Structures are given as C-alpha cells and as structure tokens.
Peer 1: 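Structure in structure tokens, see below.
Chain letters run A, B, ... following the sequence lines, proteins first, then strands; residues in each count from 1. On a predicted model such as this, the values are computed, not experimentally measured, just so you know.
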Amino acid sequence: MAAENATPRADRRRWGSTAAAVLVLGVMLFPLYWMLNTALQPEAGLLEVDPVPHRPDLSGFAKALDDQGGHLLTSLVVSLGAVVICLVIAAPAAYGLARFRLRGTRTLVFGTLITQMVPGIVIANALYTSYVDLGLVNSYAGLMLADASLGIPFSIVLMRSFMVSVPAEVIEAAQMDGAGRLRTFLQVVLPMSRNSLITSGLFAFLFAWSDFMFALTLNTTDDVKPITLGIYQYIGAHVGDWGSVMAASVLSAIPAAILLVLAQKYIAAGITGGSVK
Amino acid sequence: MTTSTVTASGAVPEAGAPVPGRLRRRLARWGFVAPAVLFMLLFFGYPLVRNVVMSFQHYTPETFFTGEAPLNGFDNWSTVFQDDVFGKALWHTLVFTAGSLLGQFCIGLALAVFFTRKFPLNGVLRSLILLPWLVPMVVSGIVWRRILDQDTGVLNSFLDTLGLGGHTPWLTDPHMALLSVILVNIWIGIPFNMVILYGGLQEVPRELYEAAALDGASAWRTFRSITLPVLRPVITVVLVLGFMSTVKILDLILALTDGGPADATQTLGTLTYQNSFVRLDFGAGAVVGNVLILISAVFAVFYLRANRTEGK
C-alpha cells in the first residue's frame, strides 16, 4: 500500500478519480445550485437567469419570508408535534417488543414492516372521511397524528433493534433495586438508548417536514398550511415570480440542514447501531 | 438498514407467579405495546378496510354535508374500469416504476462501486451526494419543473448552447412527459441506492478479491462472481424499498405535471388523488387505491416467497 502511494502514476490516477467524483457531484447537485441561483435573481422573473448571481439580490428571500414565513412556522410546529407523538408511542413499543416475551411479537414486528407498504394516498382517502366526522380536518392535531404515522413504524424497528442489545443484567439490577417496569424503562433503558431515540426523532422530523400528501389532502382551508403545501400553491399563484418560489424552496431545506449538522454524530451512531443489529 | 432485525428477540423469561400477579404483569407488559398497536390499527389497518368499503359506496360532494354515502354495488368499479384513464394510469405506473428502479439502481450501483476506490476527498464527496435529501420531494419537483421549462428552463438553454436543439418540450409534450418524470425520479433515487449499496459493498470480504486477483479473474468476472452474490441481500432490500416508494408516487408528479398533459403522466397514485380530492368521488378514488394496494400485496407475496427459498 505504502509503496503504491509513492508512485506518481498511482497518485495521478487517484486524483483522476477525485475529478470524476467531483463531476458526478456537480451533476447531482446542480438542481440545488440552480434553486439557490434562481432565488438570488428575483428580478429575472420569467426570463432566463444568469448562470451565476453576479449581483445577489435578497429581495426574493424577503418576499418569500413575508409570504411563506407563517407556513414555515406551521411546518415546524406540526413536525415537532409529530416527533413527540412518534417517540411517545414508538419507544415503549420498541422496548416491549425487544424485552418482554409477548405472544405475537413476531406478528407485530412483521405487521410493522408491512405498514410501509400501504400507499399514503390510500390512508389519506380513508382518513379524510373519518377526519370530517371527528372534526380533525384543518386541525394541527389531525395533521400531527397523520404525519406521526410516517415515522412510527420506522422508529419502532430502529429502536427495537437497539434496545435488544441493552444488557439484561442492567435491567435486572434496576428491578432488584425495586424499580418498577415503567421506572426501569424511563430511567435506565431510555437514557441508554439515547442515540437511537435521537435518530428516530430526527427521521420522524424529516418525514413530517417533507410531508406534502397529508397536508394537501387533510386540509381544505389555509388554517394549517405547512411549507410544502405553501410552495406548491405558490407556483399556481405566482407563475412569473420564480425568484420568490425558489427562495421559499431554499428556506424549506434549512431546518433539515441545521438538524443534520447539529446531530450528525447521533445519526451516524444510531444508524450503525441499527444496522449492525 | 432496518431489515436485518426481524428475527432477533431478546425476551427476558419471567419466573412463574401466582395467577392474579401474573395477569397484572402481563397487562403491564402489554401496556407498553398497546398504544403503538392501536395507532397502527387506526392509521394503517382501518384505512385498508375502509377503502374496500368505500369502493362500494356512492360519494358525492354533498356526502360531507349530509353524511350519506349509500351502497351502490360495483358501480364505482365498473365506472373506473371503463374509463380509459384507468388503463393509462395503470400502464404509466408500471412503466414509471420499472424505469425509475432500473435507472436508480444501475447508476446507484455504478457510483457505489466507483466510491469503493481509494482517492482523496472520497468521504466528503460521498456524503455531499446526499444533500438532495434535505429538500422535500415536492420542492425538488418544483425546482425541476423550472429547470425543464421549455422556453426559459436552464436545461434547454444549455442544450441550445451546445447546439443540441434546445426546444424540447420536456414536460408539456404528452410523448415526452412520462420520460422526463422518470428521469427526475431517477435523480431523486440515486443517493439512496448508492448509500445502501455502498454499505453492502463494504461487507464483501477483501480476501475474496485477493483470491480472485491471484486466479487472474477479470474485473467484470470478479464483479459478477464475487461482488454480486455477496451483495444479493442488499440488492433485494434496495429494490423492494424502491418499489414500495415508487409505485405509490404522488408528490413528484403533482409538482412536475399534475398528471398531465392529457393524462400523459397520470399514475394510480395521482388518479386516486384526483378522483377523491379533486372530483370528490371518494368511491372511485377508493377503487383505484385498492388496485394500488393489490399490486403492492402481490409484489410483497413474491418478495416473501423469494426470501424464504433464498434464506435458510
């Protein structure tokens, strides 16, 4: 290996690979660049935008914030709500399925996997009629619950695979000390499963944040309008104003970006924890 | 990522206890699982059943005021099946799914293999490819809609500069639109395929490659006889998950074309949506939704059967 490193030809070949990878990356990331580029040239309107923003103009962002800021907030509230619902429901279930010898554990885990197959639009179709009866259309609670359904099966599977590896001695020791099942779970198991909890929460957030279908189908007014729906309706109403539409699109990616940067460590840890079994 | 966990079960055996205590304990244990079971029954089980019932009911826009949706036998079914759009949507769904999976998988695999080489900045570049994940799918669709615009989109002006035409009506020509939508979906799926397949490639034992090199096997032969067989379970996972998310696609198509032009990109997902939420004929929407479920279920059966004969 070391000898190979030293030869200039091998070196050149390796940098050639880097160049090829940069090229691939350029093609893959071009749409994101173009989104940002268009957002910075709001005066271009329907005309062709320059390949590079020579004089970056932030007025598109100002307008987007003005028009869509409330929807960003709605997205944030709905997504956080969905995360809470998701974790509160999925974490105990994951523990139960990992620890207790319940009759039908396999069926339940299998059922959890099968839910991933059910098309969202079918769920929305049936859910809408029930939501009308329950008064949950155009409500925060209704959308949070629906969005939580996007993360719950994933979270159960992920956290369960993690909680299986919590040593039985630790749990037995806690129970020896007189802790009940619930206290053991809350004070021993949850802290030990922190990484998988954060990972699940993160993915649940991303699923809810990028949800468009439930937002589109379970809302008939403007009361609860997340950013995805906001942008979709924006292009209908502002055909000529691509600068603002793209600025809103950039804004819609920011919370996810911040989260991923902040929690990178936990994601990596959680994913390896989840995939190694 | 999450499929290898189905069989492991680390249950703690409980010592025998007098009956009332045991019952209480069992209830307490079920208490942990019950909320999740209830939630999944409500949000996954109930919609499945309800959709079947709804497909035999007559829904009109007034239904939601009067609450009346009388049973109407197979009316919805025959109306949907006699409509030309249904056949088109079914065909488009199959073409869209097959085309997307083929493109995503082949390019994703090629990139995964490429990134197993050692070169400077490999790790950074590999993780940067995941950046498109940050953007909600419907937003990606809107960005692409701008890029693919016939007159002012950047793709056409780029092709124009190269002298390659540059007036392609990517999304507005009924003969082009489905292909364009597939291409965008391939772009969306490449990072996922690449990441999972790359992870799988890391599991291939180095000694196998070294042995193959000693035997003088060609690169292609090595790939076919060593890499692919070891990668097989991961390939199955990628394709199954890809199928599940592609066959029910809705966001992307609504953002790009709204199912048009002239139903050229109408799929079972968009048709369900339009029947139910645009025309407010939830009965017809339920029929199309049931067909969508049926396709997924048939696929799942094949998958499970293949899995059983393959493993153990």
Side-chain angles (χ1 to χ4, degrees), chain A residues 14-15 17-18 21 25 28-29 31-32 34-35 38 46-48 89-90 92-93 95-102 105 109 115-123 125-127 129 132 149 152 156-158 161 164 168 181 210 212-213 217 228 231-232 235 242 249 252-253 256-257 274-275 277, chain B residues 1-2 4-6 8-13 28-29 32-33 35-36 39-40 43-44 46-48 50-51 54 64 111 117 119-121 125 128-129 131-132 134-139 142-144 146-147 152 154 157 244 248 250-251 255 269 272-273 276-277 282 285-286 289 292-293 296 300:
Chain A
R14 281 143 51 102
W15 278 104
S17 295
T18 305
L25 196 67
M28 286 300 293
L29 296 190
L32 299 192
W34 203 249
M35 170 174 81
T38 312
L46 262 181
L47 302 173
E48 283 184 28
I89 290 183
Y95 179 61
L97 292 177
R99 269 295 131 198
F100 309 142
R101 190 187 278 165
L102 296 171
T105 294
V109 175
T115 57
Q116 309 285 46
M117 267 181 40
V118 185
I121 186 65
V122 170
I123 299 176
N125 205 35
L127 223 48
T129 52
V132 169
S149 76
I152 285 180
I156 291 179
V157 173
L158 183 83
S161 66
V164 164
R181 241 175 227 101
S210 57
F212 167 66
M213 195 196 52
T217 52
T228 44
I231 294 178
Y232 177 70
I235 51 166
W242 278 102
S249 304
S252 79
S275 58
K277 188 169 37 184
Chain B
M1 205 171 1
T2 54
S4 57
T5 59
V6 191
S9 129
V12 180
R29 278 180 271 159
F32 280 85
V33 184
F39 186 95
M40 290 200 284
F43 280 83
F44 296 102
Y46 165 77
L48 285 178
R50 183 69 191 264
N51 256 278
M54 283 169 78
F64 294 101
L111 284 178
R117 294 187 190 183
F119 56 83
L121 302 178
L125 295 172
L128 282 178
I129 281 195
L131 275 182
L134 297 182
V135 185
M137 194 194 274
V138 64
V139 175
I142 286 165
V143 172
W144 273 100
R146 179 73 191 119
I147 291 174
T152 60
V154 62
S157 44
M244 301 293 183
K248 63 186 180 189
L250 178 74
D251 298 25
T272 306
Y273 167 72
S276 291
F277 293 97
F282 280 77
L292 195 53
I293 292 172
S296 300

Peer 1: So, A:Asn125 side chain and A:Ile121 main chain: donor-acceptor pair closer than 3.5 Å or not?
Peer 2: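 Pair absent, no side-chain N/O of A:Asn125 close to backbone of A:Ile121.
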Peer 1: Counting only non-hydrogen atoms closer than 4.5 Å, does A:Ile231 touch chain B with its backbone (N, CA, C, O), its side chain (CB onward), both, or neither?
Peer 2: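 Both backbone and side chain.
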Peer 1: Below 4.5 Å, heavy-atom pairs only: which of A:Leu25, A:Leu32, A:Ile156, A:Val132 has the largest tally toward chain B?
Peer 2: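 That would be A:Leu25.
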Peer 1: Can you tell me which of B:Ser157, B:Pro132, B:Pro120, B:Gly289 forms the most heavy-atom pairs within a distance under 4.5 Å of chain A?
Peer 2: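 Answer, by heavy-atom pair count under 4.5 Å with chain A: B:Pro120.
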Peer 1: Using a cut-off of under 4.5 Å for heavy-atom pairs, which of B:Ile142, B:Ile293, B:Ile147, B:Leu48 has the most such pairs with chain A?
Peer 2: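 Looking at each option in turn, the highest pair count goes to B:Ile142.
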Peer 1: Between B:Leu250 and chain A, which part of the residue has a heavy atom less than 4.5 Å away: side chain, backbone, both or neither?
Peer 2: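 For B:Leu250, the side chain is the part near chain A, not the backbone.
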Peer 1: Against chain B, label A:Tyr95 side chain, backbone, both or neither, depending on which of its atoms sit under 4.5 Å from a heavy atom there.
Peer 2: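 Only the side chain of A:Tyr95 comes within 4.5 Å of chain B.
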Peer 1: Below 4.5 Å, heavy-atom pairs only: which of A:Ala21, A:Ala257, A:Ser17, A:Ala256 has the largest tally toward chain B?
Peer 2: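 Going by pairs under 4.5 Å, I would pick A:Ser17.
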Peer 1: Is it the backbone or the side chain of B:Leu128 that comes under 4.5 Å from a heavy atom of chain A, or both, or neither?
Peer 2: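 For B:Leu128, the contact with chain A is made by backbone and side chain together.
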Peer 1: Only counting residues at least two apart or in another chain, list the ones meeting ring pair (Phe, Tyr, Trp, His ring centres under 6.0 Å) with B:Phe44.
Peer 2: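 Result, ring pair (Phe, Tyr, Trp, His ring centres under 6.0 Å) vs B:Phe44: none returned.
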Peer 1: Who wins among A:Ile152, A:Thr129, A:Thr38 for the most heavy-atom pairs under 4.5 Å with chain B?
Peer 2: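 It is A:Thr129.
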Peer 1: Please identify, among B:Leu125, B:Val138, B:Val33, B:Val139, the residue contributing the most non-hydrogen atom pairs under 4.5 Å to chain A.
Peer 2: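 Option with the greatest count: B:Val138.
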Peer 1: Let's test your reading of the structure: which of A:Pro92, A:Ser249, A:Ser210 forms the most heavy-atom pairs below 4.5 Å with chain B?
Peer 2: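 When all of A:Pro92, A:Ser249, A:Ser210 are compared, A:Pro92 has the most.
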Peer 1: Checking B:Tyr46 against B:Arg50: is there a side-chain donor and acceptor pair closer than 3.5 Å?
Peer 2: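 The answer is yes; a qualifying pair exists.
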Peer 1: Tell me, for B:Phe282 versus chain A, whether the close heavy atoms (under 4.5 Å) come from the side chain, the backbone, both or neither.
Peer 2: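 Both parts, backbone and side chain.
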Peer 1: Identify which part of A:Leu127 has an atom lying under 4.5 Å from any heavy atom of chain B, answering side chain, backbone, both or neither.
Peer 2: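 It is the side chain, since no backbone atom gets that close.
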Peer 1: With only heavy atoms counted, which part of A:Val118 is less than 4.5 Å from chain B, the side chain, the backbone, both or neither?
Peer 2: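 Both parts, backbone and side chain.
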Peer 1: For B:Phe277, is it the side chain, the backbone, both or neither that has a heavy atom under 4.5 Å from a heavy atom of chain A?
Peer 2: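 Contact with chain A is through the side chain of B:Phe277 alone.
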